[in-house]
2 protein chains.
Amino acid sequence: MNEKKPDRLTLLKNTPLFLKLPESALRMLDGILIERSFLKGENIFTEGSESDGFYIIIKGRVKVFKLSAEGKEQILHIVGAKELLGAVSAFAGTPYPAHADAMEKTTAFFLPGKDFLVLIQKEPSVVMNMMANLSMRLQHFTRMIEDLSLKEVPGRLAAYLLYLHERTGRGDVVEIDISKGQLASLLGTIPETLSRILRKMSEKGLLKVSGRKVRLLNRKVLHDIVNGEKAGL
Amino acid sequence: MNEKKPDRLTLLKNTPLFLKLPESALRMLDGILIERSFLKGENIFTEGSESDGFYIIIKGRVKVFKLSAEGKEQILHIVGAKELLGAVSAFAGTPYPAHADAMEKTTAFFLPGKDFLVLIQKEPSVVMNMMANLSMRLQHFTRMIEDLSLKEVPGRLAAYLLYLHERTGRGDVVEIDISKGQLASLLGTIPETLSRILRKMSEKGLLKVSGRKVRLLNRKVLHDIVNGEKAGL
DNA sequence: TTCGTTTCTTGACTTACGTCAAGGATATCT
DNA sequence: AGATATCCTTGACGTAAGTCAAGAAACGAA
């Protein structure tokens, strides 16, 4: 166990939240952080439960989501390595505002809320980094509200595919990194609707689906769809 | 003009963002802030334009909103006295993510971005106050995404009315503080739909509308509607 | 591989809500 | 107060997307 310590320090140093932290603070953190693991599908926290701290994801992915009365799920965001989970609640001392489930085998460091508050007082850079983090999340949520309220599902899907293409596209092929059902939940719809729209887009020659790989055949029209063109879907 | 200065200082002292600021910093701010006025309906900034600073609203109200390709409007939030407008963009140095229009005659202090960044460096309490602000906004947006994606319009309306009742209700009467058209835009729908749902709720004996005053006659059922009950609407 | 489970797709149907158009009610300005 | 513009309501209609149900395909475990 002891020989793992150097690894943890390096991990911490490369976590955006802890950028610019002095060595001493990192070492202190290393002594406080608790490593936790979660199985695929395991619940990490539940909406409404009291926040006793937050997580820094080391490996794996976690979905943060809301549930409707009828059980429909809306994914708010997916948290991956080096990102924070539940930090706002820990800072504000409020209950977790949504559920969090591991989407795959996940390991994370847990930082108890009280230690976090002490750290914040001592290290202003942590607060600045966290502000940057919150700002990005706010932007993301703004776009999500816009999409849900002002775009239809084809527009949201096209926007997501083009976004994937920009970040991870190899040629004109993008690989959806989550199941189609989960993608539906991220886009604010249901698997049936997503499936139908993908088929229509295929029929129109806009793309070609094979499993999780999607070849974007007409990005121009996909862009138009994002901007509200009906394109006969 | 000079005899107004004491007023400004008092205003600043009572602004959440500047809580706990030393007298000296407040006086410096007072020398930097620029007072600006906007007419009803006037645009304050536009989505995509570069942020050169942010506003502290002194009087009046401002709607922050997105527009769809077809011109439909989604209000993200309404900013009133002592609240901040455009602060995230000023902090992050990103363009404004939405439009802002004055809903009534509004006066505000403008703080140039560069001065804000200097202030942030010098006064950690400002950052903490701003974090608290961002956290609340994030919570608000989370709820908004949940509502748009998982609730229908009657549920969103009922939630809004009950929220108004909690904050400002006199007996069982609440007063909607914006026009019905704007309320529709805030709830992510259109005036026709809002009108129809209000009528149906009246017919079911859940409430009684007279102008902007709404008498809530059956809060229990309204709560049920928030929680996904159809209630025969 | 084979079995069993989960995920994905498809069709027929329903429905909430948006669109279009018009009349009525309120508000605002001189 | 009267005139003009804005806001609100109502009806008839269209449509995007959800529900229900059933097969097909993909995945995982034994």
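The figures that follow rest on heavy atoms only: side chains count, while hydrogens, waters and symmetry mates do not.
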Listed by chain and number, what are the salt bridge (Lys or Arg N to Asp or Glu O under 4.0 Å) partners of [X], not counting sequence neighbours?
X      : answer
A/K82  : none
A/E47  : A/K66
B/E152 : B/K230

ask   = Pairs in or reaching into residues 51-89 of chain A: which pass ring-ring contact (aromatic ring centres under 6.0 Å, His included), with residues at least two apart or in two chains?
value = A/F38-A/Y55, A/F54-A/F116, A/Y55-A/F110, A/F65-A/H99, A/H77-A/F141
query = Which pairs, with at least one residue in residues 152-208 of chain A and sequence neighbours excluded, count as a ring-ring contact (aromatic ring centres under 6.0 Å, His included)?
reply =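 Residue pairs passing ring-ring contact (aromatic ring centres under 6.0 Å, His included), neighbours aside: none found.
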inquiry  = Holding to side-chain hydrogen bond (donor to acceptor under 3.5 Å, both in side chains), I want the full list of residues that pass it with B/T46, two or more places apart in sequence or in another chain.
reply    =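 With neighbours one apart ignored, the set is B/N43.
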task = List in chain and number order the residues that pass side-chain hydrogen bond (donor to acceptor under 3.5 Å, both in side chains) with A/S89, two or more places apart in sequence or in another chain; answer none if no residue qualifies.
result = none
request  = Report the stems of DNA chain D as range-with-range entries sorted by first number; a stem here is at least three consecutive pairs, Watson-Crick or G-U wobble, both distances under 3.5 Å, and write none if there are none.
outcome  = C:1-22 with D:9-30, C:25-30 with D:1-6
Quick one: [X] [atom1] to [N] [atom2], roughly how many Å, whole number?
X      : N      : atom1 : atom2 : result
A/L148 : D/dA17 : CG    : P     : 11 Å
B/I190 : D/dC8  : CD1   : P     : 13 Å
A/D147 : D/dA17 : CG    : P     : 13 Å
A/M103 : C/dT7  : CE    : P     : 11 Å
A/E152 : C/dT19 : CD    : P     : 9 Å

Polar-atom pairs under 3.5 Å, protein N or O versus N or O of nucleotides 24-30 of chain C: list them with distances, or write none.
none

message = Tell me which pairs pass salt bridge (charged side-chain N to carboxylate O under 4.0 Å, His left out) where either residue lies in residues 104-113 of chain B, with sequence neighbours left out.
response =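 For residues 104-113 of chain B: B/R61-B/E104.
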key: Partners passing side-chain contact (heavy atoms from CB on, under 4.5 Å) against A/S202 (at least two apart in sequence or in another chain)   = A/L207, A/V209
remark   = With B/M103 as partner, the option from B/V62, B/I78, B/V79 fulfilling side chain to side chain contact (heavy atoms under 4.5 Å, CB included) is B/I78
inquiry  = Please determine whether a side-chain nitrogen or oxygen atom of B/S179 lies at a distance below 4.0 Å from atom OP1 or OP2 of D/dT6.
reply    = no
Atom pairs, protein N/O to nucleotides 9-15 of chain C N/O, distance under 3.5 Å:
residue	atom	partner	partner atom	Å
C/dT9	OP1	A/K180	NZ	3.4
C/dT9	OP2	A/S195	OG	3.2
C/dT9	O5'	A/S195	OG	3.1
C/dT10	OP2	A/R199	NE	3.0
C/dG11	N7	A/R196	NH1	3.0

key: A/K220 bridged to A/D224 by N-O distance under 4.0 Å   =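 A/D224 and A/K220: salt-bridged.
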